[in-house]
Amino acid sequence: MSEKECAYYRTLYEVAKGINSSLEPVTVLRAIVEQVARALDAKACSIRLLDKKGKTLLASTSYGLSKGYLRKGPVEVAKSKLDQETLAGNIVQIKDAGSDSRFQYPEAAKEEGIASVMVLPLTVEGRAIGVLRLYCDKVREFEEGEVHFATAIANLSAIAIENARLHQALKTDYELLTAYDYTIHE
């Protein structure tokens, strides 16, 4: 097994361990984006989740991106061919984000020093809930093994997000039930 493959397995192990250790989505997702960026030698990584209406991808967490880049404006699915393709279930690679018409903010990408991007869907039970983006500061095409690794991470991330959402819903239901039960017995 190559050193690169060992690093992928270590990262997968750490991500799985992180998902199992916390139901706090912020903690888990921050660890994921940092570990993935490092494992794939990328400049940055981010996770964006669809809003309730499914029209905008909201910044959830990121690693390696400036605050200025993160504030560049909303990522509207209708205006981003890249995200439309990804949310349809495709893995999309862009060699030059500054000149590819599918990228919604090419000038911001140039200013941030982003050359290539790979975007993967985050899906739960066949339903897209967001995207995982990897940003590189040099033009590159991800190798097949890197794409498979990133796909596994995207799938684990989607599971972590859904588990956290379900946990929060159960917690809220329990608190409501407890409050209701308390008022009945008073």
Side-chain angles (χ1 to χ4, degrees), residues 8 11-12 15 19 25 28-65 69-110 112-165:
Y8 291 163
T11 302
L12 278 172
V15 167
I19 289 169
V28 173
L29 297 179
R30 276 190 187 143
I32 289 171
V33 293
E34 181 177 351
Q35 290 172 7
V36 173
R38 289 180 181 200
L40 291 174
D41 194 28
K43 169 187 175 56
C45 182
S46 71
I47 291 178
R48 289 186 166 272
L49 300 176
L50 277 171
D51 67 355
K52 290 181 182 182
K53 294 180 181 179
K55 295 185 180 210
T56 304
L57 283 164
L58 305 172
S60 176
T61 191
S62 68
Y63 170 80
L65 295 171
Y69 184 77
L70 293 171
R71 291 186 194 127
K72 68 189 173 303
V75 177
E76 298 174 40
V77 176
K79 293 181 181 178
S80 174
K81 290 182 176 113
L82 167 68
D83 293 307
Q84 291 170 15
E85 286 181 50
T86 306
L87 293 169
N90 300 309
I91 297 167
V92 181
Q93 290 195 52
I94 291 181
K95 280 190 176 182
D96 183 6
S99 66
D100 194 303
S101 64
R102 296 174 292 176
F103 206 77
Q104 189 176 351
Y105 294 101
E107 291 304 318
K110 284 179 188 175
E112 185 72 8
I114 295 170
S116 297
V117 180
M118 178 168 58
V119 187
L120 302 102
L122 298 173
T123 57
V124 175
E125 297 176 354
R127 172 180 55 89
I129 63 168
V131 298
L132 182 139
R133 293 183 182 192
L134 284 154
Y135 305 89
C136 299
D137 54 4
K138 58 186 180 285
V139 174
R140 78 182 260 199
E141 191 168 325
F142 289 89
E143 298 170 11
E144 184 179 357
E146 293 174 318
V147 173
H148 289 301
F149 169 74
T151 301
I153 295 295
N155 290 333
L156 284 171
S157 299
I159 291 168
I161 292 163
E162 191 63 14
N163 283 347
R165 286 178 176 171

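Numbers here are sequence positions counted from 1.
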**Message:** Show, in sequence, the C-alpha distance, side-chain angles and deciding distance for Thr56 and Val77, and conclude whether the side-chain contact (heavy atoms from CB on, under 4.5 Å) test is met.
**Reply:** CA-CA 6 Å; Thr56 304; Val77 176; over 6 Å; no
Is it the case that the side chain of [X] and the backbone of [Y] share a donor-acceptor pair, with hydrogens and angles ignored and the cut-off at 3.5 Å?
X	Y	value
Gln35	Ile32	no
Arg102	Lys81	no
Gln93	Phe142	yes
Asp137	Ile114	no
Asn155	Thr151	yes
Gln84	Ala78	yes
Tyr105	Pro74	yes
Ser116	Lys95	yes

**Message:** By the definition side chain to side chain contact (heavy atoms under 4.5 Å, CB included), identify the one residue from Leu120, Leu132, Val36 that meets it with Ser157.
**Reply:** Leu132
**Message:** So if I apply the side chain to side chain contact (heavy atoms under 4.5 Å, CB included) rule between Val131 and each of Thr86, Leu122, Leu49, which one comes out positive?
**Reply:** Thr86
**Request:** Verify side-chain contact (heavy atoms from CB on, under 4.5 Å) between Ile91 and Met118, making sure each step is shown before the conclusion.
**Result:** CA-CA 7 Å; Ile91 297 167; Met118 178 168 58; 4.0 Å; yes
Restricting to non-hydrogen atoms, name the atom on [X] and the atom on [Y] that form the minimum distance, rounded to 0.1 Å.
X	Y	value
Leu50	Ala128	CD1-O, 3.6 Å
Lys138	Ala115	C-CB, 3.5 Å
Ala44	Ala37	C-CB, 4.1 Å
Ala150	Leu40	CB-CD1, 4.1 Å

**Message:** Taking the side chain as everything from C-beta on, heavy atoms only, tell me whether Ser60 gets closer than 4.5 Å to Leu29.
**Reply:** yes
**Message:** salt bridge (charged side-chain N to carboxylate O under 4.0 Å, His left out) for Glu76 and Lys55? Distances and angles first, verdict last.
**Reply:** CA-CA 6 Å; Glu76 298 174 40; Lys55 295 185 180 210; over 6 Å; no
From [X] atom [atom1] to [Y] atom [atom2], the distance as rounded to the nearest 0.5 Å:
X	Y	atom1	atom2	value
Leu87	Arg127	CG	CZ	12.0 Å
Ile94	Ser99	CD1	OG	9.0 Å
Ser80	Leu57	OG	CG	7.5 Å
Ser46	Tyr63	OG	OH	13.5 Å

**Prompt:** Is the closest basic N to carboxylate O distance between Asp83 and Arg133 below 4.0 Å?
**Reply:** yes
**Item:** Worked verdict on Tyr69 versus Ser62 for side-chain contact (heavy atoms from CB on, under 4.5 Å)
**Value:** CA-CA 11 Å; Tyr69 184 77; Ser62 68; over 6 Å; no
**Message:** Could you check whether atom CZ of Arg30 has more than 12 heavy atoms from other residues, nucleotides or ligands sitting under 6.0 Å from it?
**Reply:** no
**Request:** Start with the C-alpha gap between Glu107 and Glu112, add the side-chain angles, then the distance that decides, and say whether side-chain contact (heavy atoms from CB on, under 4.5 Å) holds.
**Result:** CA-CA 9 Å; Glu107 291 304 318; Glu112 185 72 8; over 6 Å; no
